[in-house]
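All remarks here apply to the structure that follows.
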Amino acid sequence: MEREYFVRGQRRTVEALDDIVAVKLTPTDRADAGAAVEALGTEARVEDEGMPSDEVDAFRNAQWVFVARSPEAERALEDPSAVDYAEMAGKLVKRPNGRFGVVTKRLTVQLREDMSEEDADQALAERGLQQLKRLRFAPNLFEVDTTVHEDALSASVDLTGDPRFTLAEPSLIEHVPGRVTPTDPRYGEQWQWSNTGQDGGTPGADVHAEGAWDRTLGAGIRVAVIDNGFNAAHEDLQAGVVAESGFFQEAGPGPAVFVQGTAGMPGSNHGTFCAGMAGARHNNGRGGCGAAPECGLMVIACLNDQVGTQTTLAEAVAYAANPATEIPGADPATGADILVSSLGPNGAAWDLTVALQLAVEGAAAQGRNGRGLAIFWAASNGNNVDILQDEVVSHPDVIAVVRSTRQDLEDNAARGPEVELIAPGVQVVSTTGNGGYGPGTGTSYAAPAAAGCAALALAVNPDLTRDELRQIMHDSADKIGGVVYDGNGHNDDYGFGRVNAQRAVALAESSLPAAQANAVALVRQTPGWGTIPVAFATGDGGWTITNGAAPNFIPDWAHQPGVRLVAGDFNGNGLTDIALVRQTPGWGTIPVAFATGDGGWTITNGAAPNFIPDWAHQPGVRLAPGAYK
């Protein structure tokens, strides 16, 4: 039977499979699913309705069973708490795009912005809506259960006619896997960062990370990775994982609850691999490294069993941009600078709910203290699937990424006008969920590679807006594949080209105000210097050095462990200053050394002789260039 409902104000239809009831088993009955099914009735073969085997397996792993309609199943639909085996229950529906979902009594609703909190609460009560959670990433947005309608589909139709409600959208429970395909035998080298022709590759068919790393390793930039789970204790990730990481924990039939921290975080090979592509550590004698090996990793796990609603995914996006949406009183400045997710069904067909749309649009516009959050998302794997069928990835605020091979060719991914970038994603090597390392293939891994490269660009110019960073990633990309790019530099298979980190960093640096790039300062994070060397450009390729002759600049200063080049005019006087931030507790202020123009410094909270031994030589110290005045 065809049923209708509303999404983003548009009428949608689904085929209701009336003879099938979906039941999520209670924790005590999951060990004996067979007995639970027998008590509920007869198991239904959803495979015969066209549900793919991976989707069937995912629902089963998430403790959902599908049974033929029976009196006991009907009781579970009406009130799951009245049935011994049932934690949740719903009706199975099939959308025109072939995607399945489970309809319960749960919806996401929003009331008019001009309504007070009291009026909104009253309206919910009047319409028989039990408020489960106020979603803080948009005004008057709630997750609710209907107590007076047959199900969320009926509620959606009914509430759409109420002028107080601007949306009433069913929270369909669906399969949301990672976008990855099976792996081949292990390769021992990370060709994605430096392709020298190993294993038959084309030399240079990589993101040119080494050239970018000469300038920055991504320190001071936070990359949020949203996935089903992570091995946050992995030896190559743990040092980079920030305290604001966390996970959404299923709370029985209620909405997911956010838990900050990594203790108890669900694990996932897929998420661990993605996090490693973005920010696995470097020079630690373990495995390989990520694109931005000194970035902060804000790992956020949700939908750990790959089954759930987009509302939880929306909450994860909103939290990444502003932790205060889940942790009242949290500092919005502790949110991410870059966001990447590789969740979504293969085959591209994926509807976008208003809840996720609001979260994406809010993060993109308001993240990073109003500069905007760049959101990278893996497009679908699959041969020539239409990217426009995926309403999440093709959203205007999302940067869609497809995958390339070690020969610099597009490989088996979505195509269309919304493809923006291509990055290595075939047999790339990264961290794995079992604590080791291995190869993986999928757009899932191309997206965090691109996001990590964007973090490098943002690290040299943190003042870039989301749109400026996005344009830099377009303009710096290499036109590969031997295909025709249109007048805007775009190709439906390759987007604006393969990510080039070195060029992106150079473009970001060139976008700095002229006053910020007129000199080079060096800070060493190990003891040995009593002053801070500064090289002032003379304009003819030479340098005037404050405390050493020019011939010694490279061998004696630049070529030493712990040295980082910094150019930052923090008080706007045209001189190069130095700032340090510490990512671990211990400082109540941010030390800044203001250049006086004659090789000396005015220090905000300490004398110049103490700068190196007392400030720079401490664990967790990071250099943070930027305009602070």
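The analysis underlying the following values was restricted to heavy atoms, covering all of them including side chains, and did not include hydrogens, waters or symmetry mates. Owing to the predicted nature of the structure, the values given are computational and were not obtained by experimental measurement.
Rounded to the nearest 0.5 angstrom, Arg127 CZ and Thr146 OG1 are separated by 9.0 Å. Between the CZ atom of Phe142 and the CG atom of Leu107 there is a distance of 13.5 Å, given to the nearest 0.5 Å. Within the model, atoms CD of Glu49 and CG of Asp19 stand 8.0 Å from one another, a figure rounded to the nearest 0.5 Å. Atom CG of Leu172 and atom CZ of Phe100 lie 13.0 Å apart (nearest 0.5 Å). Note that CG of Leu373 is 5.0 Å distant from CD1 of Ile375, once rounded to the nearest 0.5 Å. Atom CH2 of residue Trp377 and atom CD1 of residue Ile226 lie 6.0 Å apart, to the nearest 0.5 angstrom.
Taking Gln238 as the reference, nothing meets the side-chain hydrogen bond (donor to acceptor under 3.5 Å, both in side chains) condition, with sequence neighbours excluded.
Using bins of under 30°, 30° to 60° and over 60° for the plane-to-plane angle, the ring pair Phe59/Trp64 lands in the perpendicular bin. Classification of the His270-Tyr445 ring pair by plane angle, with boundaries at 30° and 60°, yields tilted.
Side-chain atoms of Asn61 do not come within 3.5 Å of backbone N or O of Asp305 as any donor-acceptor pair. Remark: side-chain polar atoms of Asn228 are paired, donor with acceptor, to backbone N or O of Leu303 under 3.5 angstrom. With hydrogens and angles ignored, the 3.5 Å screen pairs no side-chain donor or acceptor of Arg75 with any backbone N or O of Ser70. Using modelled atom types, no side-chain atom of Glu47 and backbone atom of Ser53 make a donor-acceptor pair closer than 3.5 Å. Thr147 places a side-chain N or O within donor-acceptor distance of the main-chain N or O of Gly128, the cut-off being under 3.5 Å. Within the 3.5 Å criterion, the main-chain N or O of Gln110 finds a donor-acceptor partner in the side chain of Thr166. Ser156 places a side-chain N or O within donor-acceptor distance of the main-chain N or O of Ala168, the cut-off being under 3.5 Å. Without hydrogens or angle criteria, Thr443 side chain to Ala379 main chain gives a donor-acceptor distance under 3.5 Å. Asp337 contributes a side-chain N or O that, together with a main-chain N or O of Arg222, makes up a donor-acceptor pair within less than 3.5 Å. In terms of modelled atom types and a separation under 3.5 Å, the side chain of Ser245 and the main chain of Val241 share no donor-acceptor contact.
Ion pair Glu150/Lys91 flagged as a salt bridge, since at least one NZ, NE, NH1 or NH2 atom sits closer than 4.0 Å to an Asp/Glu carboxylate oxygen. Using a 4.0 Å cut-off between a side-chain N of Lys or Arg and a carboxylate O of Asp or Glu, Glu126 and Arg164 qualify as a salt bridge. Taking the charged nitrogens against the carboxylate oxygens, Asp119 and Arg112 have no contact shorter than 4.0 Å, which rules out a salt bridge. Using a 4.0 Å cut-off between charged side-chain N and carboxylate O, Arg415 and Asp386 make no salt bridge. With respect to Asp145 and Lys105, no salt bridge is recorded, no charged nitrogen being found less than 4.0 Å from a carboxylate O. Look at Arg136 and Glu315 and you find no salt bridge, because none of the NZ, NE, NH1 or NH2 atoms lies under 4.0 Å from a carboxylate O. A salt bridge links Asp411 with Arg403: the closest approach of a Lys/Arg side-chain nitrogen to an acidic carboxylate oxygen falls below 4.0 angstrom. Salt-bridge annotation for Glu4 and Arg11: present, with a side-chain N of the basic residue lying under 4.0 Å from a carboxylate O of the acidic one.
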Q: Could you please spell out the steps behind the salt bridge (charged side-chain N to carboxylate O under 4.0 Å, His left out) verdict for Glu326 and Lys133?
A: CA-CA 11 Å; Glu326 295 294 330; Lys133 191 172 188 179; 3.5 Å; yes

- prompt: Step by step, would you call Glu43 with Arg60 a salt bridge (charged side-chain N to carboxylate O under 4.0 Å, His left out)?
  reply: CA-CA 12 Å; Glu43 185 170 11; Arg60 285 175 178 162; 3.7 Å; yes

Give the C-alpha distance, both sets of side-chain angles, the deciding distance and a yes or no for ring pair (Phe, Tyr, Trp, His ring centres under 6.0 Å) between Tyr437 and His234. CA-CA 10 Å; Tyr437 307 86; His234 192 290; 5.2 Å; yes

For Arg99 and Asp351: C-alpha separation, side-chain torsions, deciding distance, then whether salt bridge (charged side-chain N to carboxylate O under 4.0 Å, His left out) applies.
CA-CA 9 Å; Arg99 297 270 297 148; Asp351 297 332; over 6 Å; no

side-chain contact (heavy atoms from CB on, under 4.5 Å), that's the test. Do Val46 and Leu92 meet it? Break it down for me. CA-CA 9 Å; Val46 289; Leu92 187 64; 3.7 Å; yes

| query | Could you go step by step and tell me if Glu143 and Arg134 meet the salt bridge (charged side-chain N to carboxylate O under 4.0 Å, His left out) rule? | reply | CA-CA 6 Å; Glu143 191 171 13; Arg134 178 183 288 270; over 6 Å; no

Problem - Asn231 and Leu237: CA distance, side-chain angles, deciding distance, side-chain contact (heavy atoms from CB on, under 4.5 Å) verdict - result: CA-CA 8 Å; Asn231 179 356; Leu237 298 178; 5.8 Å; no

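Around the CD atom of Glu38, the shell of radius 6.0 Å holds no more than 12 heavy atoms that belong to other residues, nucleotides or ligands. Other residues, nucleotides and ligands contribute over 12 non-hydrogen atoms within 6.0 Å of the CD atom of Glu74.
Contact of the Tyr319 side chain with the Gln260 side chain is registered, since non-hydrogen atoms from C-beta on lie closer than 4.5 Å. Side-chain contact between Phe247 and Cys302 is absent, with no heavy-atom pair separated by less than 4.5 Å. Side-chain contact between Met277 and Val428 is present, with at least one heavy-atom pair separated by less than 4.5 Å. Between Leu129 and Leu159, the closest side-chain pair of non-hydrogen atoms falls below 4.5 Å. Taking 4.5 Å as the limit, every side-chain heavy atom of Arg12 sits out of range of all side-chain heavy atoms of Phe6. Side-chain contact between Met51 and His175: absent, with no pair of heavy atoms (C-beta onward) separated by less than 4.5 Å. Side-chain contact between Leu352 and His395: present, with at least one pair of heavy atoms (C-beta onward) separated by less than 4.5 Å. Side-chain contact check for Val56 versus Pro52: every heavy-atom pair is 4.5 Å or farther apart.
For the pair Val340 and Pro448, the tightest heavy-atom approach, listed with the atom from each and the gap, is CG2-N, 3.7 Å. The two residues Leu153 and Pro170 have their closest heavy-atom pair at CD2-CG, 3.9 Å. A pairwise comparison of heavy atoms in Ala123 and Met115 identifies CB-CE, 4.1 Å as the closest pair. In terms of heavy-atom proximity, Ala447 sits nearest to Ala378 at CB-N, 3.7 Å. Nearest heavy atoms, Ala359 versus Val317: O-CG1, 3.8 Å. Shown here for Ala86 and Ala76, the closest heavy-atom pair between the two residues is CB-CB, 4.1 Å.
A donor atom on one side chain and an acceptor atom on the other are not found under 3.5 Å apart for Asn269 and Thr272. There is a side-chain donor-acceptor pair under 3.5 Å between Glu174 and Gln310. A side-chain donor-acceptor contact under 3.5 Å links Ser171 and Thr108. A donor-acceptor pair shorter than 3.5 Å can be found between the side chains of Ser154 and Arg3. If you check the side chains of Gln357 and Glu361, you find a donor sitting under 3.5 Å from an acceptor. For the residue pair Asp121 and Gln131, a side-chain donor N or O sits within less than 3.5 Å of a side-chain acceptor on the partner.
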